[in-house]
Visitor: 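Take a look at the following structure, please.
Counting from 1, the numbers follow the sequence of the chain as shown. Everything quoted here is computed from the prediction, not taken from an experiment.
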Amino acid sequence: MTAVLAKGLPEAEATDSTAPDRPQQPRRSWTPVLRLISPLVLLVLWQVLSSAGIVSDKTLASPAQVVAAAAELWFDGSLQDALVVSLQRVLLGAVLGILVAVLLGVLAGFSRIVELAIDPPIQMLRTVPFLGLIPLFIIWFGIGEQPKVFLVALGVLFPLYLNLFAGIRSIDGKLIEAAETLGLNKFQLALHVVLPGALPQALTGLRMSLGVAWLALIVAEQINADAGLGYLINNARIYFRIDIVIFGLLVYAFLGLATDAIVRALEGRLLTWRKTYQGA
């Protein structure tokens, strides 16, 4: 974006050889390790309270019991099978939700007519709880994989759409005027100015969407599921296996953290041009 605008400036103004070099920020190689400290402290505290009998294993299984349950599920193959099924559902739902969200967000962001047509129904639909949609989805799509995938897609759709739309509409009007002065047509304006400017907020929406995807999957896998992490947890609930229930929820949490880390890494590559405050 800045490269396009710089083309219309005089050479003396576009490149300032006398400008001081910006000091490079130090690489934060220890950041991933430091982020693990607080979870590890909570884990140790949890185990200490369980060992001391302050927390009953009938109420909350200890970390040692959860690890034993994880080993049990791993060696009998239940965990691997459940992960494959759940990941497939999330992947299909996320791809579908992202495609629809990007299409609707771009159309509504660039066109007032499209905004008036599609934004009110989306705002209404996003307030409906997932559990309220399950009966309709069962009637429409049956009890197979389709309702599960569509629930995940809906969970992905709304945060990404809202952030992409807001990102497009938050572009500085003076920047648009400067680009038009340089002779950019509407397509070039969208490609080189508007969409790159909306990218940071769109990626924030993507992080939120992938987090909601796992929440939607938990709900979706209660629809007569015969495989997946939700099915595993539901069976454990029936037999009062609290350790397996907690382990299943932890797997959901770690998968959510993994997808969030992927988007954070994507942000680091796509937003190298943006210099923002990183905290003291």
Visitor: Should the heavy atoms of other residues, nucleotides or ligands under 6.0 Å from CG of Leu45 be counted, would the total exceed 12?
Guide: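 Yes, enclosed.
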Visitor: I need the Leu125 CG to Gln123 CD distance, nearest 0.5 Å.
Guide: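 It is 10.0 Å, given to the nearest 0.5 Å.
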Visitor: If you measure from CG on Leu154 to CD1 on Ile122, what distance do you get to the nearest 0.5 Å?
Guide: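 Between Leu154 CG and Ile122 CD1, I get 10.5 Å after rounding to 0.5 Å.
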Visitor: Heavy atoms only: give me the nearest Arg89-Val149 pair and the separation to one decimal.
Guide: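 Shortest heavy-atom contact: O-CG2, 4.4 Å.
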Visitor: State the CZ-NZ distance between Phe137 and Lys148, to the nearest 0.5 angstrom.
Guide: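 Phe137 CZ to Lys148 NZ: 12.0 Å, rounded to 0.5 Å.
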Visitor: What is the distance from atom CG of Leu73 to atom CD1 of Ile244, rounded to the nearest 0.5 Å?
Guide: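 One finds 4.5 Å between CG of Leu73 and CD1 of Ile244.
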Visitor: Please enumerate all residues that pass salt bridge (charged side-chain N to carboxylate O under 4.0 Å, His left out) together with Asp260, with sequence neighbours excluded.
Guide: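 If we apply the salt bridge (charged side-chain N to carboxylate O under 4.0 Å, His left out) test to Asp260, skipping adjacent residues, the hits are Arg207.
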Visitor: Kindly state each residue pair satisfying side-chain hydrogen bond (donor to acceptor under 3.5 Å, both in side chains) with at least one member in residues 153-164, sequence neighbours excluded.
Guide: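 Of all non-adjacent pairs touching residues 153-164, those that pass side-chain hydrogen bond (donor to acceptor under 3.5 Å, both in side chains) are Asp119-Tyr161.
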Visitor: Can you name the residues that form a side-chain hydrogen bond (donor to acceptor under 3.5 Å, both in side chains) with Gln47, not counting sequence neighbours?
Guide: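 Gln47 satisfies side-chain hydrogen bond (donor to acceptor under 3.5 Å, both in side chains) with Ser51 once adjacent residues are dropped.
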Visitor: With rounding to the nearest 0.5 Å, note down the distance linking CG in Leu160 to CD1 in Ile98.
Guide: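 The CD1 atom of Ile98 is 6.5 Å from CG of Leu160, to the nearest 0.5 Å.
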Visitor: Nearest heavy-atom pair of Val212 and Gly155: which atoms, and what distance?
Guide: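 Closest approach of Val212 to Gly155, heavy atoms only: CG1-O, 3.4 Å.
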Visitor: Anything under 3.5 Å between a donor and an acceptor, one on a side chain of residues 101-108, the other on a protein residue two or more places apart or in another chain? List them.
Guide:
none

Visitor: Hey, could you give me the OH/OG distance between Tyr231 and Ser86, rounded to the nearest 0.5 Å?
Guide: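 So the OH of Tyr231 and the OG of Ser86 are separated by 12.5 Å.
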Visitor: Apart from Ile262 itself, what residues make up its hydrophobic cluster, given side-chain heavy atom links below 4.5 Å?
Guide: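 Same cluster as Ile262: nobody, lone residue.
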Visitor: Using side-chain hydrogen bond (donor to acceptor under 3.5 Å, both in side chains) as the criterion, list what pairs up with Asn234, not counting sequence neighbours.
Guide: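 In terms of side-chain hydrogen bond (donor to acceptor under 3.5 Å, both in side chains), with neighbours along the sequence ignored, Asn234 is linked to Arg237.
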Visitor: Are side-chain heavy atoms of Phe247 and Leu79 found at a separation under 4.5 Å?
Guide: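 In contact.
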Visitor: Can Leu151 be reached from Ile138 by stepping across I, L, V, M, F, W or Y side chains whose heavy atoms are under 4.5 Å apart?
Guide: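 Result: yes, single cluster for both.
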Visitor: Work out which heavy atom in Gln201 is nearest to a heavy atom in Ser170; give both atom names and the distance.
Guide: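 Closest approach of Gln201 to Ser170, heavy atoms only: OE1-OG, 4.0 Å.
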Visitor: Hey, could you give me each pair passing salt bridge (Lys or Arg N to Asp or Glu O under 4.0 Å) that has a residue in residues 102-111? Not counting sequence neighbours.
Guide: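 Pairs touching residues 102-111 that pass the test: none.
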Visitor: Check Ala216 against Val152 and note the closest heavy-atom contact, atom names and distance.
Guide: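 That closest heavy-atom pairing would be CB-CA, 3.9 Å.
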Visitor: Yes or no on side chain to side chain contact (heavy atoms under 4.5 Å, CB included) for Val48 and Val44, after CA distance, side-chain angles and deciding distance?
Guide: CA-CA 6 Å; Val48 169; Val44 171; 4.3 Å; yes
Visitor: For the hydrophobic clusters of this structure (ILVMFWY residues joined by side-chain heavy atoms under 4.5 Å, transitively), does one cluster hold both Val114 and Val100?
Guide: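 Yes: a chain of side-chain contacts under 4.5 Å links Val114 to Val100.
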Visitor: Are Leu229 and Phe75 connected into the same hydrophobic cluster when the rule is that any two of I, L, V, M, F, W, Y join if their side-chain heavy atoms are below 4.5 Å apart?
Guide: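 Per the 4.5 Å side-chain linkage, Phe75 and Leu229 are co-clustered.
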Visitor: With hydrophobic residues grouped by side-chain heavy-atom distances under 4.5 Å, do Val90 and Val84 end up in a single group?
Guide: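 They do not share one cluster, since no chain of ILVMFWY contacts under 4.5 Å joins Val90 to Val84.
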Visitor: Using links of under 4.5 Å between side-chain heavy atoms of ILVMFWY residues, direct or through other members, which residues join Val95 in one cluster?
Guide: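 Once heavy-atom contacts under 4.5 Å are chained together, Val95 belongs with Leu91, Leu99.
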Visitor: Which pairs with one or both residues in residues 61-79 pass salt bridge (Lys or Arg N to Asp or Glu O under 4.0 Å), sequence neighbours excluded?
Guide: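 Salt bridge (Lys or Arg N to Asp or Glu O under 4.0 Å) check on residues 61-79 returns Glu72-Arg241.
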Visitor: Which heavy atom of Ala94 sits nearest to which heavy atom of Leu210, and what is that distance?
Guide: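 Heavy atoms only, the tightest pair is CB-CD2, 4.2 Å.
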Visitor: Just do the side chain to side chain contact (heavy atoms under 4.5 Å, CB included) check on Glu115 and Phe165 with the steps written out, would you?
Guide: CA-CA 9 Å; Glu115 176 195 356; Phe165 174 81; 3.6 Å; yes
Visitor: If you compare all heavy atoms of Ile233 against all heavy atoms of Leu249, which two are closest, and at what distance to 0.1 Å?
Guide: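 Reported closest heavy-atom pair: CD1-N, 3.9 Å.
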Visitor: Indicate every side-chain donor-acceptor pair of residues 250-259 with a distance under 3.5 Å to a residue at least two apart or in another chain.
Guide:
from	atom 1	to	atom 2	distance (Å)
Tyr252	OH	Glu221	OE1	2.7
Tyr252	OH	Gly230	N	3.1
Thr259	OG1	Trp214	NE1	3.4
Thr259	OG1	Leu255	O	3.2
Thr259	OG1	Gly256	O	2.8

Visitor: Would Leu157 end up clustered with Leu215 when hydrophobic side chains under 4.5 Å apart are linked, directly or stepwise?
Guide: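 Hydrophobic grouping puts Leu157 apart from Leu215.
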Visitor: Could you pull out all residues at least two apart from Phe150 that satisfy ring-ring contact (aromatic ring centres under 6.0 Å, His included)?
Guide: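 ring-ring contact (aromatic ring centres under 6.0 Å, His included) check on Phe150 returns Phe141.
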Visitor: Who passes side-chain hydrogen bond (donor to acceptor under 3.5 Å, both in side chains) against Ser111, sequence neighbours left out?
Guide: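 Scan of Ser111 (side-chain hydrogen bond (donor to acceptor under 3.5 Å, both in side chains), adjacent residues dropped) gives none.
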